[in-house]
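What follows is a single structure, written as structure tokens, with notes after it.
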Amino acid sequence: MKRTNYAGRTSEAQIGQEVVLKGWVAKRRNLGGLIFIDLRDREGIVQLVFNEEDDRVAFEVANECRNEYIIEVRGLVRARAQANPELATGKIEVEVKEANILARSKTPAFEIKDDVEAAEDLRLKYRYLDLRRPQMMKNMKLRSKVAAIVHSYYDSHDFMDVETPNLTRSTPEGARDFLVPSRLYDGHFYALPQSPQLFKQLLMAAGVDRYYQMARCFRDEDLRGDRQPEFTQIDTEMSFATAEEIQEMTEGLIKQVMKEALGVDVPTPFPRLDWQEAMDRFGSDKPDTRFGMEIHDLSDLVKDSSFKVFSGTVAAGNYVRAIAVPGGADHYSRKDITKKEEYIKRYGAKGLAWVKVTADGYNGPIAKFLTDLADPINERLGAKEGDLILFVADTFHVVCDALGYLREAIAKEMDLIAPNQWNYLWVVNWPMFEYDEGFGKWIAAHHPFTMLKEEDLHYLEEGEDPHQAHAQSYDIILNGNEIGGGSIRIHDPKVQEKVLKALGYSKEEANARFGFLLRGLENGMPPEGGLAFGFDRWVMLLAGADNIRDVIPFPKNSKGIEPMTAAPGMVDPEQLEELHLTVAAEAPADED
RNA sequence: GGUCCAUUGGUCUAGUUUUGGUUAGGACGCAUCCCUGUCACGGAUGAGAUCACGAGUUCGAGUCUCGUAUGGACCGCCA
């Protein structure tokens, strides 16, 4: 029997025709001499009817069927007496003349339904069952659709799809590398790429001019809800382009994806926000602009306050900033606020000060210190009666992190985010360098090959402070999530040398680590730049999923384990020997 | 490296505080039987749980304490 069409696509136009369908038994309803089976394939569900009186042989097959059996059927499409409006194929059904069981199935570990959520660990262990669920199938289809648009878009704009190696060499800085031991060279290792960054730059040196690739990237860092050790970038690079041209090209892609994959029109160009402004107003370098509750600086107002925490903070050169939570006075109890205070301590905040705005002025433990300042504070924050004002007094980064977190957490809790908003924006004008507290040194904020603002080049000269410099880099943000970033690259070897020097590399170190790139620069590198999208994260947001695992067919769990295959696993001693490896720590015995 | 939370039949969960003593309850699923217009089919019957593991407190622990494991969220980390 040759299949005539997908079960889920059986249509009214086929009424009176014979069809052959193959798929999974989603549900069997046995009424005695009459059996209904909902047949499911990747496109959806159609109802099969087996009548004992009409066809005894087919009926016996249906009688034997259980959920998740795979069957093939031949039958006649007919209109239903009573349509089911819940189902896309609800106006028709298939009267089965012949049926065969192609595969039997155990009772599945969990029910294949959208509305019954099994524990995620179980879903991952039986991922092929989980992926049968309509929502997961829909996510995979969306992912495939977006990828197809990406290929078509860049192809039509003269970008070349070029593959770069997955076995490459380890480079310092950035994320921890996944290493692959070399069998041929004792003690030598390949590294899996964190991104094809340097290869795509050298493709520009080759004259490729416009490059794109759906590139697999690997970073050996701890996982998060939106971070996997193995992920896909939409990687692009353009010669002779300015930052604005690259952003415009990117906006074109986003516009097309939104239109063709979701049917949504997004207006372009997207807003551009300076990094400094994003931090000041939203406390975040990836601001969510779907709601207000912006942060305001009160340092000038409270610098002489009798509340020593505030005045002392300002005197030390730090900041007192606040948000006004609309209607927050009733919504949040003292206890709730204490919980929030405990939470923001993880960002280094020492406390969370608050007042409630009432008809009689401020209310709360520090209200008495702020009586005289209530009017100007309210005015600056736009606070009114019934609002809750939250203050954080600390260094710039602590204030931003803490208030940025509170702003987003409260918006979610109080349901302040209207649905169906797609707020894309660019964060531009990033600092070139940032201080790493852990290492006690300056590191590249983006990466060491990022070009500075032209007007900031002088900061690299002798006697100037390179850390004042800003970069020609840009991040693309969607609803408070970083979905991509890029920059104009350095194409002048002299500038690259100075930047590496500012980062603390000696000439010898720089040559040892990036020699191949520096040689490329010396051999004629066009001015160029690019951008990389976090494809998985973008699809997650487009799908409305709240975890990146829901748009990756076989993801790792939060501990980096892939529960279906139980990777990572131990290997045979012979394999280790071939690779010239000995394992120092005795690993625990591998179970099943 | 750190913080917090969770773990009860195949699945999801009630029960855990403020009573420490229950036949550990329910829904879905599963099995058998009845049923010819269901679509969350209906009806009847039934099987299925050493309450993650280990120690402790107690006359008595699903419930309290500690530890371990597993999972989830987060901080650090992720140029």
Side-chain angles (χ1 to χ4, degrees), chain A residues 26-39 45-54 59 66-68 78 80-87 89-90 93 95 106-113 115-126 129-130 171-177 194-195 197-198 217-229 231 339 342-349 401-402 405 409 430 432-434 436-439 442-450 471 473 482 485 487 499 503 514 532 534 537 546-547 549 557-561 563 588 591:
Chain A
K27 188 76 198 179
R28 175 169 153 274
R29 290 180 292 280
N30 188 347
L31 276 67
L34 189 69
I35 294 176
F36 296 99
I37 283 179
D38 290 340
L39 186 71
I45 277 175
V46 72
Q47 174 167 286
L48 310 177
V49 193
F50 299 80
N51 194 320
E52 188 173 21
E53 285 173 9
D54 295 348
F59 180 84
R66 293 295 180 270
N67 284 348
E68 301 310 316
R78 66 185 189 199
R80 290 205 209 177
Q82 251 187 332
N84 179 355
E86 306 284 308
L87 221 55
T89 59
E93 61 189 6
E95 183 188 352
K106 302 206 303 189
T107 301
F110 50 89
E111 293 174 64
I112 315 298
K113 278 181 171 179
D115 46 354
V116 178
E117 279 290 298
E120 197 172 6
D121 203 38
L122 198 66
R123 292 173 52 201
L124 292 180
K125 184 169 177 184
Y126 296 95
L129 296 181
D130 190 38
T171 51
E173 296 222 5
R176 204 173 286 119
D177 284 317
Q194 297 174 24
S195 83
Q197 181 61 38
L198 298 179
C217 305
F218 306 86
R219 295 178 187 175
D220 189 5
E221 297 293 345
D222 286 0
L223 291 78
R224 286 288 188 279
D226 62 355
R227 233 164 60 190
Q228 285 270 311
F231 61 101
K339 269 177 117 170
E342 283 307 309
Y343 194 92
I344 62 170
K345 283 182 179 168
R346 66 182 57 188
Y347 298 105
D401 287 351
Y405 160 78
W430 289 63
M432 180 75 188
F433 305 98
E434 61 190 30
D436 186 306
E437 307 275 352
F439 288 104
W442 290 86
I443 58 169
H446 188 55
H447 58 60
F449 321 107
T450 303
S473 59
E482 177 202 336
S487 64
V499 168
L503 287 169
F514 309 110
R537 198 178 289 175
D546 52 14
N547 195 299
R549 292 187 291 266
N557 70 15
S558 76
K559 300 289 193 291
I561 287 167
E591 65 303 316

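Order of the sequence lines sets the chain letters (A, B, ...), proteins ahead of strands, with each chain counted from 1.
As rounded to whole Å, 13 Å separates atom P of G1(B) from atom CD of Glu221(A). Atom C1' of nucleotide G2(B) and atom CD of Glu342(A) are separated by 15 Å, given to the nearest angstrom. Rounded to whole angstrom, the span from the NZ atom of Lys125(A) across to the P atom of U11(B) amounts to 10 Å. Residue Gln82(A) contributes atom CD, which lies 15 Å from atom C1' of U36(B) at whole-angstrom precision. Atom pair Glu95(A):CD and G37(B):C1' shows a separation of 13 Å (rounding to whole Å applied). Going from atom OH of Tyr126(A) over to atom C1' of C12(B) covers 17 Å, rounded to whole Å. At whole-Å resolution of the value, NZ in Lys106(A) and P in U11(B) are 12 Å apart. In this structure, CD1 of Ile35(A) is placed 12 Å from C1' of C35(B), rounded to the nearest angstrom.
Across all strands, Arg80(A) comes closer than 4.0 Å to base atoms (heavy-atom distances). Using a 4.0 Å heavy-atom criterion, one finds that Ala81(A) contacts no nucleic acid atom at all. Residue contacts shown for Leu122(A) are limited to sugar-phosphate atoms, with no base heavy atom under 4.0 Å away. Among the heavy atoms of the strands lying under 4.0 Å from Glu53(A) is at least one base atom, whether or not backbone atoms are also near. The residue Arg537(A) sits apart from the nucleic acid: no heavy atom pair falls under 4.0 Å. Using a 4.0 Å heavy-atom criterion, one finds that Thr171(A) contacts no nucleic acid atom at all.
Formation of a donor-acceptor pair under 3.5 Å by the Glu434(A) side chain with backbone atoms of Ile443(A) is not found in this model. Using a distance-only test at 3.5 Å, with no hydrogens or angles considered, no donor-acceptor pair links the side chain of Arg28(A) to the main chain of Arg66(A). Judged by distance alone, the side chain of Thr89(A) and the main-chain N or O of Ile45(A) form a donor-acceptor pair under 3.5 Å. One N or O on the side chain of Arg176(A) and one on the backbone of Asp220(A) form a donor-acceptor pair closer than 3.5 Å.
A gap of 13 Å separates the C1' atoms of G37(B) and G42(B), to the nearest Å. Rounded to the nearest Å, the gap between the C1' atom of A52(B) and that of G71(B) is 11 Å. Atom name C1', nucleotides U57(B) and U65(B): the rounded distance is 7 Å, in whole Å. Rounded to a whole angstrom, the distance from the P atom of G72(B) to that of C35(B) is 48 Å. For U63(B) and U17(B), the P atoms lie 10 Å apart once the distance is rounded to whole Å. A distance of about 32 Å separates the P atoms of U7(B) and G43(B), rounded to the whole Å. For the P atom pair drawn from G62(B) and U22(B), the interatomic distance equals 9 Å after rounding to whole Å. Rounded to a whole angstrom, the distance from the P atom of G15(B) to that of U58(B) is 29 Å.
Base pairing annotation: A61(B) forms no Watson-Crick or G-U wobble pair, as no partner gives both donor-acceptor distances under 3.5 Å.
Evaluation of atom-type donor-acceptor distances gives a pair under 3.5 Å for the side chain of Gln47(A) against the base of U38(B). You'll find a donor-acceptor pair under 3.5 Å spanning the side chain of Asp222(A) and the base of G76(B), going by distance alone. Side-chain N/O atoms of Glu93(A) and base N/O atoms of G37(B) include a donor-acceptor pair closer than 3.5 Å. Taking only distance into account, the side chain of Arg219(A) never meets the base of C77(B) through a donor-acceptor pair shorter than 3.5 Å.
Annotation: salt bridge (Lys or Arg N to Asp or Glu O under 4.0 Å) contacts of Arg78(A) (sequence neighbours excluded): Glu93(A), Glu95(A).
Between Phe110(A) and U11(B), no base-stacking contact is recorded for ring centres under 5.5 Å apart and planes less than 30° from parallel.
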**Prompt:** For Asp38(A) and Lys27(A), what are the C-alpha separation, side-chain angles and deciding distance, and is it a salt bridge (charged side-chain N to carboxylate O under 4.0 Å, His left out)?
**Reply:** CA-CA 5 Å; Asp38(A) 290 340; Lys27(A) 188 76 198 179; over 6 Å; no
Between the protein and nucleotides 71-74 of chain B, which nitrogen or oxygen pairs come in under 3.5 angstrom?
from: G71(B); atom 1: OP1; to: Asn557(A); atom 2: ND2; distance (Å): 3.0
from: G72(B); atom 1: OP1; to: Ser558(A); atom 2: N; distance (Å): 3.1
from: G72(B); atom 1: OP2; to: Ser558(A); atom 2: N; distance (Å): 3.1
from: G72(B); atom 1: OP2; to: Ser558(A); atom 2: OG; distance (Å): 2.3
from: G72(B); atom 1: O5'; to: Ser558(A); atom 2: OG; distance (Å): 3.4
from: G72(B); atom 1: O3'; to: Arg549(A); atom 2: NH2; distance (Å): 3.4
from: A73(B); atom 1: OP1; to: Asn547(A); atom 2: ND2; distance (Å): 2.9
from: A73(B); atom 1: OP1; to: Arg549(A); atom 2: NH2; distance (Å): 3.0
from: C74(B); atom 1: O2'; to: Tyr343(A); atom 2: OH; distance (Å): 3.1
from: C74(B); atom 1: O2'; to: Arg346(A); atom 2: NH1; distance (Å): 2.1

Under-3.5 Å N/O pairs linking protein and nucleotides 40-45 of chain B:
from: C41(B); atom 1: OP1; to: Lys27(A); atom 2: NZ; distance (Å): 3.1
from: C41(B); atom 1: OP2; to: Arg29(A); atom 2: NH1; distance (Å): 3.4
from: C41(B); atom 1: N4; to: Asn30(A); atom 2: O; distance (Å): 2.1

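A parallel orientation is assigned to the rings of Tyr343(A) and Tyr405(A), their planes being inclined by less than 30° (bins at 30° and 60°).
Rounding to the nearest 0.5 Å gives a distance of 10.5 Å between CG of Asp226(A) and CZ of Arg549(A).
The neighbour count for Lys345(A) NZ, taken as heavy atoms of other residues, nucleotides or ligands under 6.0 Å away, is above 12.
The 5' end of RNA chain B is approached more closely, in terms of each residue's nearest nucleotide, by Ala119(A) than by the other of Ala119(A) and Arg78(A).
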